[in-house]
Each structure stands twice: as C-alpha cells, then as structure tokens.
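Taking it in order: structure first as structure tokens, then the write-up.
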Amino acid sequence: MELLRAHEEQIIRRWAQIAKLPSEELVELYRALLAALDEGKNDYADVRGLLAGLSRTQARAGFTPAETARAVFGLKEALYELVEADSEAEAMRGFIWFSRLIDDLGLFTFETYAAAREKIIMDQAEQLLELSTPVVKLWDGIVAVPLVGTLDSARTQVVMEKLLQTLVDTGAEHAVIDITGVPAVDTQVAQHLLKTIVAARLMGAECVISGIRPQIAHTIVTLGIEFGDIVTKSSLADALAHAFKRAGIQVSGKQGGRIAIRAEKA
C-alpha cells in the first residue's frame, strides 16, 4: 500500500503512541511488514519471527494480553486515520485487506504470548519445587530431606533427583526423610515416599522416615499402609540418633554443657 510507504515516519510515530512503546522497537517490524508486502508472496515468516520475539519480551516484562495485542492492532488504527483523511475508495478497499492481515498477525501474537506465559509459569513452578525440597548434609555420611507441604508426583520426582544426586556427590550412606511439615499422608503420598526410598536404596543408602505424628500414624494404620522394613521415627532428633548409631557414631550425654560425639573404631 502506497500510504504505508509514503507516510512511514508518521504512521510509526502514531503507532508507538497507541501501543505505548518506543518507536525504535517498531521500526524493524514495520519495515519487515513492508518488505513482505512488496514481495507479494504472502510470506510473513520474518514478521512472525519479530512478533514472537515481541510477545516473549512482553510476557517476561509482565505486560497483559491486552497490552500485547494493542502493540499489533495499534498499527491498524494508525493507518485508518490516514485512510479516513484520504477518503478514496481504493484506499479503503486496501485498508480492509490490510486490516484482515493485521488481525491474523494479532492472533498469532496472542498465541505466542500465551505460550510464553505458560512456559514462564512452568519454569517458576519448577524453581519453587526445587527451593521447597532442599537436601541438607547433617553429618558426614548423613543427609536429610525436610519436606513441607503436599507431596505429589512432580515434587516426588524433584525430591528423588536431588536426593540421588546428593548421595552421589557426598557418598552418604544414610538419608533421613522428614515429613513433619507434610499436612497429611494418604496412600498416594505413601507410594511417593516409597519410590524415593527404593531409589535411594539402589544407591546404597539406608533411609529413615521421621516426623510421624500421632494423627499421621493413626491415618497410616487406618488406611492399612505398609512401610515394610523401613525405619520410622516420631522426630528428626530420633531419626538422627538412629542414623548416628547405624553409622557407628557414638553420642554421649552432656558433660559440662557439651555433647560428646565420637566415631566408633572398626
């Protein structure tokens, strides 16, 4: 369209005002669109690529879908102001065709924005999962996984991976899985725990479950959940004492306000 070429600077300036974006960010997109129109091949790959980049940038920056769509549809509004002033039938017919093209590109932009936002949310969820499932070293050869909140399949996978990697990195032979912060234990949660314990055992580590409160113990018995030969303790302190004993570490009582710890000789 001749209007697009003849009034490039004016259209871009008005477009930037409507889209509330710096005009420098729209120049490349505008010229890519002109190049695609000049070729007349209906190939808008470059335009779509630039729009995809704009959508991802808007999504990461926290812009709303409406603000992102306005960044595209604003071009149509900016051009219409010139077409309306031109008042020629040919210009209006060309604008109608151009308007349909912008609508298609706007839909593409919205879809790309939605996909970018979904990926951002998924990445943030994974980061939160990792932060909420730390594996800490309690002592030489002893690590612990303090769990807080609901344990589901996705989180179990994260716990399992982090625990196994820590076992490899530290060479620990004892792991304490503390569920004091888990609000409830049902059959599904128990299965997730068992998967994690079996995976750790395959790495040569003995696991102890701590944090078995009275209400959780009652639920486990009521549901008929069997932990088999897995050691369970009511508190993290009890679990740590068990791990010390299994590791051959002797803990004596207080002497002068201190606790003496020594490893037993083989």
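All values derive from a computational prediction rather than experimental measurement. Numbering of residues begins at 1 and proceeds along the displayed sequence.
Using a 4.5 Å heavy-atom cutoff, the side chains of R13 and Q10 are in contact. Within the 4.5 Å cutoff, side-chain heavy atoms of T170 are placed close to those of V143. Residues L164 and M160 have side chains in contact (heavy-atom distance under 4.5 Å, counting atoms from C-beta outward). In this structure, D104 and Y44 have side chains that are not in contact, with every pair of non-hydrogen atoms separated by 4.5 Å or more. Using a 4.5 Å cut-off on side-chain heavy atoms (C-beta onward), H174 and V208 make no contact.
The salt bridge (Lys or Arg N to Asp or Glu O under 4.0 Å) pairs that include a residue from residues 204-217 are E206-R246, where partners are two or more places apart or lie in different chains. Annotation: salt bridge (Lys or Arg N to Asp or Glu O under 4.0 Å) contacts involving residues 135-149, sequence neighbours excluded, comprise K137-D140. Identified under the salt bridge (Lys or Arg N to Asp or Glu O under 4.0 Å) test for residues 221-236, with sequence neighbours left out: R201-D229.
The side-chain contact (heavy atoms from CB on, under 4.5 Å) test with I212 singles out one residue from T232, D238, T180, and that residue is T232.
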Without placing hydrogens or testing angles, list every side-chain donor-acceptor pair under 3.5 Å for residues 60-74, not counting sequence neighbours.
residue	atom	partner	partner atom	Å
T64	OG1	E67	N	3.2
T64	OG1	E67	OE1	3.3
E67	OE1	T64	N	2.9
T68	OG1	T64	O	3.0

Enumerate donor-acceptor pairs with a distance under 3.5 Å from any side-chain N or O in residues 18-34 to protein atoms, sequence neighbours excluded.
residue	atom	partner	partner atom	Å
Y30	OH	L4	O	2.6
R31	NE	E8	OE2	2.8
R31	NH2	E8	OE2	3.2

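Among residues two or more places apart in sequence or in another chain, the salt bridge (charged side-chain N to carboxylate O under 4.0 Å, His left out) test is passed with K119 by D123.
No more than 12 heavy atoms of other residues, nucleotides or ligands lie within 6.0 Å of CG in D46, so this atom counts as exposed by the packing criterion.
Clustering ILVMFWY residues whenever any of their side-chain heavy atoms sit less than 4.5 angstrom apart, transitively, puts W97 in the very cluster that holds L79.
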